[in-house]
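A quick write-up on the structure given underneath.
Everything quoted here is computed from the prediction, not taken from an experiment. Counting starts at 1 for both ligands and their atoms, in listed order.
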Amino acid sequence: MTVLQPAPEVVRTARTRHYVMCPPTHFEVVSVLNPWMDPAVPVDRDLAMGQWSGLVAAYQGLGHRVELLPPVAGLPDMVFAANGATVVGGRALGARFTHPERRPEAAEHRRLLAELGVEVHEPVHTNEGEGDFAVVGDLVLAGTGFRTDRAAHAEAQELFGLPVVSLQLVDPRFYHLDTCLAVLDDTTVAWFPGAFSTGSQQVLRTLFPDAVEASEADALAFGLNAVSDGRHVVLPATATGLAADLRAAGFEPVPVELDELVKAGGSVKCCTQELRGLR
Ligand code: ARG
């Protein structure tokens, strides 16, 4: 007699993470670096601080470590710590920002990382850190088209000794890779295909046949600007459809409110730089 067995549930395992974050002490929208920014729309800095503190608490509640980068007056986008560097195996590729407004942030990151014992490398080409570099297991995905120079992809490959796959971004609303692709674990991503060129869509489908595809509405809600520890996926509360899809795929969505920061074109992942390979 054949007994029908239920399909085994996918077991998702969390790994403790180590992050760098910077409080939005000097947060404001004064220039237009991406289509989300409108200096005519006022920002509520206290609200931004409250929401950002909620994100820190969410990480700490999940058992992750958070290092704080001291905020600097006159650098209103510094809260978006993901852009300041990319750290893999205890080595950092420092950032070199596209816009002059953000360039001084890179040195602040380099100083903190050096203090933390990271071997910091000065970049030659323009790259906006984890805004455009996503580490998926032993592979690095790299965005280009709006900010990070393609030559920086080769620079990262040489420094980290990991294969770097270049992906072409085509929609200005999704100007950084981390606005349209989220790393869920060492082999799984979630993404919004419409943000990528046809060729890059094919590459991602080949590499990640089990990827979670987000709707345009969830992508516009910054749902893919998410941070996963392999099991818990911290994402904006407004991305409800994606949260349901993640749950169906065996992940645990952890919704947080971060809308005040969306006024500058960023959310969860933008605020979070991961330190990989540090003791
Ligand atoms: N206003 C910032 C900029 O345009 C937002 C950066 C968001 N960061 C990110 N990792 N996507 O540079």
Side-chain angles (χ1 to χ4, degrees), residues 19-41 43 45 48 51-52 55 69 71-72 74-87 92-106 108-109 126-135 140-149 152 156 167 169 171-183 189-192 195-196 214 219-228 234-236 239 256 258-275:
Y19 300 126
V20 171
M21 298 178 70
C22 178
T25 314
H26 308 289
F27 177 61
E28 57 183 335
V29 176
V30 281
S31 45
V32 182
L33 310 186
N34 66 60
W36 300 87
M37 299 174 86
D38 179 356
V41 176
V43 302
R45 208 179 268 165
Q51 294 181 340
W52 177 87
L55 179 61
L69 176 67
V72 175
L75 298 177
D77 269 334
M78 221 177 148
V79 62
F80 302 115
N83 302 129
T86 307
V87 180
L93 176 62
R96 189 180 170 115
F97 285 85
T98 307
H99 300 103
E101 291 91 328
R102 296 199 66 187
R103 281 190 196 138
E105 293 178 39
E108 303 300 319
H109 279 268
T126 299
N127 87 78
E128 296 203 349
E130 289 197 303
D132 279 318
F133 286 120
V135 182
V140 180
L141 302 178
T144 188
F146 299 102
R147 302 287 179 93
T148 297
D149 200 299
L167 300 166
L169 302 174
D171 183 332
R173 297 171 302 173
F174 305 107
Y175 58 94
H176 271 147
L177 181 64
D178 73 0
T179 62
C180 47
L181 183 143
V183 179
V189 303
W191 66 309
F192 170 57
F196 296 86
L220 287 172
F222 273 82
L224 293 164
N225 201 243
V227 172
S228 174
V234 182
L235 82 172
V256 293
L258 222 54
D259 349 304
E260 211 47 29
L261 295 177
V262 171
K263 291 178 178 171
S267 186
V268 176
K269 174 59 203 174
C270 298
C271 294
T272 316
Q273 181 193 134
E274 183 167 349
L275 299 172

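- Distances between N or O atoms of His176 and those of ligand 1 include at least one value under 3.5 Å.
- Remark: ligand 1 and Asn225 share no N or O pair separated by less than 3.5 Å (distance only, no angle test).
- Interface atoms of ligand 1 facing Asn83, defined by a heavy-atom separation under 4.0 Å, are 6 (C), 7 (C), 8 (N), 9 (C), 10 (N).
- In terms of protein heavy-atom proximity, atom 2 (C) of ligand 1 is nearest to Asp77 OD2, 3.4 Å.
- Using a 4.0 Å cut-off to heavy atoms of Gly265, the atoms of ligand 1 that qualify are 7 (C).
- For the side chain to side chain donor-acceptor pair (under 3.5 Å) test, residues two or more places apart in sequence or in another chain that qualify with Gln273 are His109.
- Compare Gln273, Glu128, Lys269, Arg102 by their heavy atoms: the one nearest to atom 6 (C) of ligand 1 is in Arg102.
- For the side chain to side chain donor-acceptor pair (under 3.5 Å) test, residues two or more places apart in sequence or in another chain that qualify with Glu274 are Arg17.
- Heavy-atom proximity to Ala264, at under 4.0 Å, picks out these atoms of ligand 1: 1 (N), 2 (C), 5 (C).
- Applying the 4.0 Å criterion to heavy atoms of Arg147 picks out, from ligand 1, the atoms 3 (C), 4 (O), 12 (O).
- The Asp178 neighbourhood of ligand 1 comprises atoms 9 (C), 10 (N), 11 (N), with distances under 4.0 Å to a heavy atom of that residue.
- The closest approach between Phe97 and ligand 1 stays at or above 4.0 Å for every heavy atom of the residue.
- Residue contact check: Gly131 has heavy atoms under 4.0 Å from atoms 10 (N) of ligand 1.
- Scanning the protein heavy atoms around atom 9 (C) of ligand 1, the nearest turns out to be Cys270 SG, 2.7 Å.
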